[in-house]
Amino acid sequence: QLQLVESGGGLVQPGGSLRLSCAASGFTLDYSAIGWFRQAPGKAREGVSYITSGGRTNVADSVKGRFTISRDNAKNTVYLQMNSLKSEDTAIYYCAARRLGWPSFNGALYDCWGQGTQVTVSS
């Protein structure tokens, strides 16, 4: 069974940091493009960052300079390091895998999704 499991969310003060993890089971991430998305209450899902199977990355303008995506193929895990968090970063964060094709911020192209992890930035 193909599965992605996110972890690492929580409550953090503005300016703080969190590292989200996305662990895969049932398949290897080595050949998959992985994207991180988020959805805040009442808002549409937003692409945050993605990484190709070869390690090339892209981040949305809204998080550029603050968020970094990386992957550890040996652990079959992708990470999202989030620094200088702001209240507007509050959302449920999801990781998704696209096993064939180039990654993008179009969530419809991804074929496997995790259940999400809540990130709340508040003082």
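As the structure is a computational prediction, the values presented were derived from the model and not from experiment. Throughout, residue positions are numbered sequentially from 1 according to the sequence presented.
When hydrophobic clusters are built by joining Ile, Leu, Val, Met, Phe, Trp and Tyr residues whose side-chain heavy atoms come closer than 4.5 Å, directly or via intermediates, V63 is grouped together with I51. Following chains of ILVMFWY side-chain contacts shorter than 4.5 Å, one can reach I69 starting from V119, so the two form part of one hydrophobic cluster.
Between T52 and W102, the closest side-chain pair of non-hydrogen atoms falls below 4.5 Å. Put simply, the side chain of S62 reaches to within 4.5 Å of the side chain of R38, judged on heavy atoms. No side-chain heavy atom of V12 sits less than 4.5 Å from a side-chain heavy atom of M82. By the 4.5 Å heavy-atom criterion applied to side chains, V48 and V59 are not counted as neighbours.
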Show your working on side chain to side chain contact (heavy atoms under 4.5 Å, CB included) between Q13 and L85 and close with a plain yes or no. CA-CA 8 Å; Q13 292 186 342; L85 283 161; over 6 Å; no
Give the intermediate values and the outcome of side chain to side chain contact (heavy atoms under 4.5 Å, CB included) for residues Q115 and E6. CA-CA 7 Å; Q115 83 290 347; E6 302 95 337; 2.9 Å; yes
Before you tell me yes or no, could you show the steps for L80 and S49 under side chain to side chain contact (heavy atoms under 4.5 Å, CB included), namely the whole-Å CA-CA distance, both residues' side-chain angles and the distance that decides it to 0.1 Å? CA-CA 8 Å; L80 185 68; S49 185; 4.1 Å; yes
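To the nearest 0.5 Å, the span separating CG on L20 from CD on Q81 amounts to 9.0 Å. If you take CD on E46 and CH2 on W36, they are separated by 14.5 Å, rounding to the nearest 0.5 Å. Between atom CG of residue L4 and atom OG of residue S32 there is a gap of 8.5 Å, rounded to the nearest 0.5 Å. The OG atom of S84 sits 9.0 Å away from the CZ atom of F67 when rounded to the nearest 0.5 Å. One distance of note links CG of L11 with OG of S123; it measures 9.5 Å at 0.5 Å rounding. Separation of atoms CZ (F105) and CG (N58) is listed at 4.5 Å; rounding is to 0.5 Å.
Closest approach of N83 to S17, counting heavy atoms only: OD1-OG, 2.9 Å. The nearest pair of heavy atoms linking C112 to F27 is SG-CE2, 4.2 Å. The two residues T77 and S21 have their closest heavy-atom pair at CG2-CB, 4.1 Å. For the residue pair T120 and Q118, the shortest heavy atom distance occurs at OG1-NE2, 3.4 Å. Smallest separation of non-hydrogen atoms from C22 and L29: O-CD1, 4.2 Å. Taking all atoms of both residues into account, the shortest heavy-atom contact from A33 to G101 is CB-O, 4.1 Å.
In this structure, T90 contributes its side chain and V121 its backbone to a donor-acceptor pair below 3.5 Å. Between the side chain of Y110 and the main chain of P103, no donor-acceptor pair closer than 3.5 Å is present.
Every residue was checked against the ring pair (Phe, Tyr, Trp, His ring centres under 6.0 Å) condition with Y93, not counting sequence neighbours, and none meets it. S25 is linked by a side chain to side chain contact (heavy atoms under 4.5 Å, CB included) to Q3, counting only residues two or more places apart in sequence or in another chain.
Between F37 and W113, the ring planes are tilted. Angles from 30° to 60° get that label.
Salt bridge annotation for D111-R99: present, with a cationic side-chain nitrogen under 4.0 angstrom from a carboxylate oxygen.
More than 12 non-hydrogen atoms from other residues, nucleotides or ligands lie less than 6.0 angstrom from NZ of K64.
A donor and an acceptor atom, one from each side chain of D30 and T28, are located under 3.5 Å apart. Side chains of N73 and R71: a donor-acceptor N/O pair is present below 3.5 angstrom, by distance only.
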